[in-house]
Amino acid sequence: METMKVQNVTPNDMPWKIKYDASRCTLCGSCVSACSFRAIEAKVERRRMVFSEGDLPDPQQRFSAVPVIRQVKDVRHYCRGCGICEKVCPNDAIGPLRNPDTRHPIITRCIGGDSIKRGGRKNLESAVRTLDKIRVGRISQMTDPSLDAQRHTFDLLAPFGRILPAKQLPFRVNEQNSLQVESSMPPVHWIYPVIIGDMSIGALSWRMWEAVAMAVAYLNEECGLPVRMCSGEGGVPVRLLKSRYLKYIILQIASGHFGWNRIAKAMPHMVEDPAGVLIKIGQGAKPGDGGLLQAGKVAEHIQAIRGVPRADLLSPPNHQGLYSIEESVQKMFLSFNAAFKFRVPVAIKVAASATSVSVFNNLVRDPYNIVGGFFLDGIDGGTGAAHEVSLDHTGHPIVSKLRDCYLAATAQGRQGQIPLWAAGGLGKTGDLAADAFKMIALGANGVFTGKLVLQMAGCVGNDMGRCNACNTGLCPVGITTQEPPLVHRLDVDRVAQNIVNYFLAMDTEFKKLLAPIGNSSLPVGRSDALVATDQAVADKLQLQYVC
Amino acid sequence: MCRIGAIKSLNYVHPSQALLLMESQQKGHDNSGFAMVMHDLGGIFEGYKHLPTLSMACTDEGLKLAEEMLHTAGFQRVMQWVPEIDPRPGLDIHAMPNYVFETFDYPKSSRQGDQKEKEELLLDMRLKLRKALEHDEQGFVYSFWPDVVTLKEIGDPRDIGTYFRLWAPDDKFTAKVITAQCRQNTNYDIVRYAAHPFFLQGYTALANGENTFYLKNVEFQRQLHRGYIGFESDSQCFLYTLHYVHRELNWPLHYYKHVVTPLPFEDIERREDKSQLLAMRQSLAHLEINGPNTIIGVLPDFTMFTCCDAKKLRPVVVGRTDDTVVISSEVCGINDILPDRDWETDIYPHEREIVAIDNNLEVQRWRQ
């Protein structure tokens with residue numbers, strides 16, 4: 001017998017094991033062709049059958065070669081547990097099983113000599129989420145009536161843009177005893193309090209990006225919900241830049257400046273202003289790290305939009321040439337405000353950090369009044385690609401940091417002057433309305449969400465290590481890939497419809513949360529509407545503790 | 001729940017009218033207190049309209065301390081009125097030992113100063129007195145302002161009226177504007193300061209309702225002005241917003257309605273002045289109120305007004321004759337004091353208007 005090599009990789013080293021029932025398999029091959037990770041293959045197994053014929057034992061054996069489906073024993077082609085094989089199998093003969101004894105985090109590093117990269121969110125689940133320890137506990141009864149979510153009208157909008165203190169408003173009382181505007185004011189747009197947050201065309205397949213853009217246009221034009229989407233760093237198709245739908249898009253610029261050559265060239269042809277500009281400094285899922293688009297996803301159209309060759313596209317961790325907050329304000333904010341003639345709000349996105357309040361304080365005191373939003377992204381945010389160690393171990397939870405920023409503004413009487421937008425794992429349980437509402441009551445003007453939108457589209461990834469292969473370009477459901485056969489798995493219209501329907505449902509749910517606390521507009525900072533079932537959470541967030 | 005009432009007349013009116021106005025509405029309040037602010041004073045105060053009158057309830061020590069402080073600051077007392085009380089047994093009143101209504105001349109250094117400086121001085125003085133007398137509840141300083149007196153007490157309004165002999169009309173203690181409310185038992189602690197009407201630098205406000213954006217308002221107002229303190233009641237926010245919009249920002253009164261109950265965005269979009277209204281809504285988002293409310297306010301020039309929340313969840317009615325206008329939570333109160341008026345001219349303000357009454361009793365309805 002050959003000596004066993006314990007270092008050889010076997011399926012029980014992997015995070016997922018394929019369970020396969022040869023007796024049910026028709027060998028149709030659907031699973032093998034559907035597995036984008038090539039984690040299963042058709043093989044021939046040698047089988048030995050011992051049998052006896054006649055009245056007395058007379059063992060005989062017969063060998064046969066049997067075609068089967070087998071798991072690939074290779075760390076480059078390991079099963080991600082996406083379950084596509086199970087979805088396509090007509091006979092329920094195959095599917096992935098989670099392997100609690102996986103050695104994957106060790107052997108991958110040992111074999112590859114490189115850090116593990118993946119997409120998705122933080123996969124280290126600890127206790128119950130903070131937001132689930134908070135309830136909307138101040139119910140209007142008796143002295144003040146609850147409202148009727150079905151009949152009353154509600155104002156569900158949030159500001160995007162720099163808001164002046166009332167004493168700085170350029171108003172003059174005219175002869176008719178009315179206020180007249182004497183000079184220009186910073187642009188502020190009132191938009192839906194949930195922004196579809198910045199996933200680039202490149203990270204997303206063109207079909208997915210198109211579906212999101214379609215959903216946003218439909219929500220605006222047919223449903224009356226002024227939802228905005230952020231382009232992510234990676235540019236925008238020129239046709240969209242020149243269309244009237246640009247007004248629903250917030251253009252993002254990050255440290256790689258990808259796509260801005262085309263955006264700048266399209267400016268003279270724009271028929272509408274974009275909804276805003278978002279300067280990305282950091283991201284909650286991988287704070288201190290720049291964007292990463294692996295070469296496998298840099299398809300021809302991505303090369304064209306971004307103006308780059310096929311190569312790993314790494315955005316630097318910093319915006320080069322910016323050495324201080326003041327400098328960033330002066331250089332970036334002024335230039336982007338000027339680029340659109342001060343008609344388009346310019347906001348900043350940073351990763352939540354122990355230092356967020358300092359950054360926020362510096363911005364809120366900016367003397368130019370040009371910082372139009374503070375987008376704060378927490379550790380539970382998603383990403384298309386990052387080093388796993390960053391995803392799991394770096395970052396700061398969003399809830400307390402958002403609250404800290406709001407309270408810092410409150411202490412200075414500056415709440416609302418720079419709208420606070422929060423993200424990072426909101427809607428993780430599928431219920432974004434509740435999470436968003438709680439964040440708003442803690443002081444956010446609105447929230448942004450990305451990963452949840454992918455889940456609306458059919459993303460099968462989760463926070464327990466399932467799939468999370470967005471970085472590979474092999475997304476089995478066509479969302480984060482540029483491979484045409486995979487992209488075509490995605491039904492653009494159905495994705496758009498799912499997103500629209502989710503927003504409509506969420507809109508109703510917002511009203512069902514507003515009505516019982518008797519509010520007809522968003523209760524920004526109304527922390528008295530919340531109670532916490534955890535003393536530490538109550539203390540930290542300055543909420544009423546209940547049990 | 002509260003009931004609120006206000007009288008504005010061409011003639012001087014005695015507070016017995018305010019008691020009468022509120023009496024028939026007693027099923028709607030809980031008879032736990034009585035408070036009133038009188039503007040444009042007649043009777044013994046008529047000759048001192050230009051000088052500030054201190055309204056205070058205090059202990060003997062509190063009185064001594066306050067008078068010392070005023071003296072040190074250079075204020076000179078020119079007139080004092082002590083209400084003649086009727087301390088008969090059995091009255092439901094938590095009376096303080098002293099009720100002080102003293103009129104002062106300004107310190108010599110300020111007499112020639114401009115009006116604005118004097119007004120700031122009066123506010124600072126009242127805040128100082130309030131702080132000094134807070135210890136051991138030595139006193140409650142309600143107002144220190146020309147042509148204004150305030151009375152607040154805990155107990156049954158009828159008994160409070162009896163105690164201060166306010167049921168019997170006379171011509172010594174009168175005013176052309178009286179605002180009143182009959183409830184002490186607020187949602188929070190029972191404190192004399194928590195009773196409406198609230199007063200600040202010539203502005204008075206009282207409300208019937210529940211301000212569910214109280215916390216938002218408070219957190220914002222605390223940083224806006226040194227006079228925005230206390231917050232013993234969620235309705236104080238209405239006064240501070242009125243003061244901020246009208247005095248600090250110097251915006252015309254009708255914008256107060258746009259601040260406290262802004263128009264829905266879709267309505268603003270259709271307006272010619274949409275950029276003003278949007279800027280206002282966003283800059284003062286934390287002064288918006290929510291929940292059911294009716295507000296009655298008085299401005300330093302004695303203009304009186306009323307407005308409601310954006311869904312009209314609390315009632316209010318305005319009744320009038322040739323020489324008097326009365327605003328009240330319930331029409332029964334108006335029926336008691338203006339029985340012969342033409343009730344067909346009563347106004348039931350809707351959720352998108354301010355009804356303002358000027359000194360000629362001209363009633364204006366400003367649609368938001």
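Hydrogens, waters and symmetry mates play no part in the numbers below; they use all other heavy atoms, side chains included.
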Exercise. Is there a side chain to side chain contact (heavy atoms under 4.5 Å, CB included) between A:Asp155 and B:Glu266 once you walk through the steps?
Worked result: CA-CA 9 Å; A:Asp155 254 357; B:Glu266 54 180 348; 6.0 Å; no
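- The two residues B:Lys311 and A:Ser520 have their closest heavy-atom pair at NZ-CB, 3.2 Å.
- The minimum heavy-atom distance linking B:Leu215 with A:Gly525 is given by the pair CD2-O, 3.8 Å.
- For B:Asn211, no part lies under 4.5 angstrom from a heavy atom of chain A.
- Across every non-hydrogen atom of A:Asn177 and B:Tyr255, the tightest pair is O-CE1, 4.2 Å.
- Counting heavy atoms from C-beta outward, B:Pro292 and A:Pro145 have side chains that approach closer than 4.5 Å.
- Heavy-atom distances place the backbone of A:Leu522, and not its side chain, under 4.5 Å from chain B.
- Contact annotation: the side chain of A:Arg138 approaches that of B:Thr212 to within less than 4.5 Å [non-hydrogen atoms, C-beta and beyond].
- With a threshold of 4.5 angstrom between heavy atoms, A:Leu169 approaches chain B through side-chain atoms but not through N, CA, C or O.
- The contact between A:Pro523 and chain B is made by backbone and side chain atoms together, counting heavy-atom distances below 4.5 Å.
- The choice from A:Gln168, A:Gln415, A:Gln417, A:His152 that makes the most heavy-atom pairs within less than 4.5 Å of chain B is A:Gln415.
- Contacts of B:Leu224 with chain A are absent, with no heavy-atom separation under 4.5 Å from either backbone or side chain.
- Shown here for A:Phe171 and B:Ala279, the closest heavy-atom pair between the two residues is CZ-CB, 3.9 Å.
- Counting all heavy atoms, side chain and backbone alike, A:Asn519 lies closest to B:Phe213 at OD1-CE2, 3.0 Å.
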Problem set entry | Criterion side chain to side chain contact (heavy atoms under 4.5 Å, CB included) on B:Gln282 and A:Leu164, from CA distance to verdict | CA-CA 8 Å; B:Gln282 59 212 22; A:Leu164 292 179; over 6 Å; no
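- Within residues 355-364 of chain B, no residue has any heavy atom under 4.5 Å from a heavy atom of chain A.
- Residue B:Glu288 touches chain A through its side chain alone, counting heavy-atom pairs closer than 4.5 Å.
- Ranked by heavy-atom pairs shorter than 4.5 Å toward chain B, the options A:Ala529, A:Ser140, A:Ala411 are led by A:Ala411.
- Heavy atoms closer than 4.5 Å to chain B are found nowhere in A:Arg414, neither backbone nor side chain.
- For a residue to count as touching a neighbouring chain, one of its non-hydrogen atoms must lie under 4.5 Å from one of that chain's; by this rule B:Leu277 does not touch chain A.
- If you tally non-hydrogen atom pairs under 4.5 Å between each of B:Pro264, B:Ala310, B:Ala285, B:Ser275 and chain A, the highest count goes to B:Pro264.
- Contact annotation: the side chain of B:Asp273 never approaches that of A:Ser178 to less than 4.5 Å [non-hydrogen atoms, C-beta and beyond].
- Within the 4.5 angstrom heavy-atom criterion, only side-chain atoms of A:Leu147, from C-beta onward, approach chain B.
- Counting all heavy atoms, side chain and backbone alike, B:Gln223 lies closest to A:Thr410 at CG-O, 3.4 Å.
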Exercise. Yes or no on side chain to side chain contact (heavy atoms under 4.5 Å, CB included) for B:Leu278 and A:Trp190, after CA distance, side-chain angles and deciding distance?
Worked result: CA-CA 9 Å; B:Leu278 264 181; A:Trp190 283 84; 3.7 Å; yes
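- For B:Lys116, the NZ atom sits in a packed shell: over 12 heavy atoms of surrounding residues, nucleotides or ligands are nearer than 6.0 Å.
- B:Ser283 places no side-chain N or O within 3.5 Å of a backbone atom of A:Pro165 that could act as its donor or acceptor partner.
- Of the atoms belonging to A:Val181, heavy atoms from both backbone and side chain fall under 4.5 Å from chain B.
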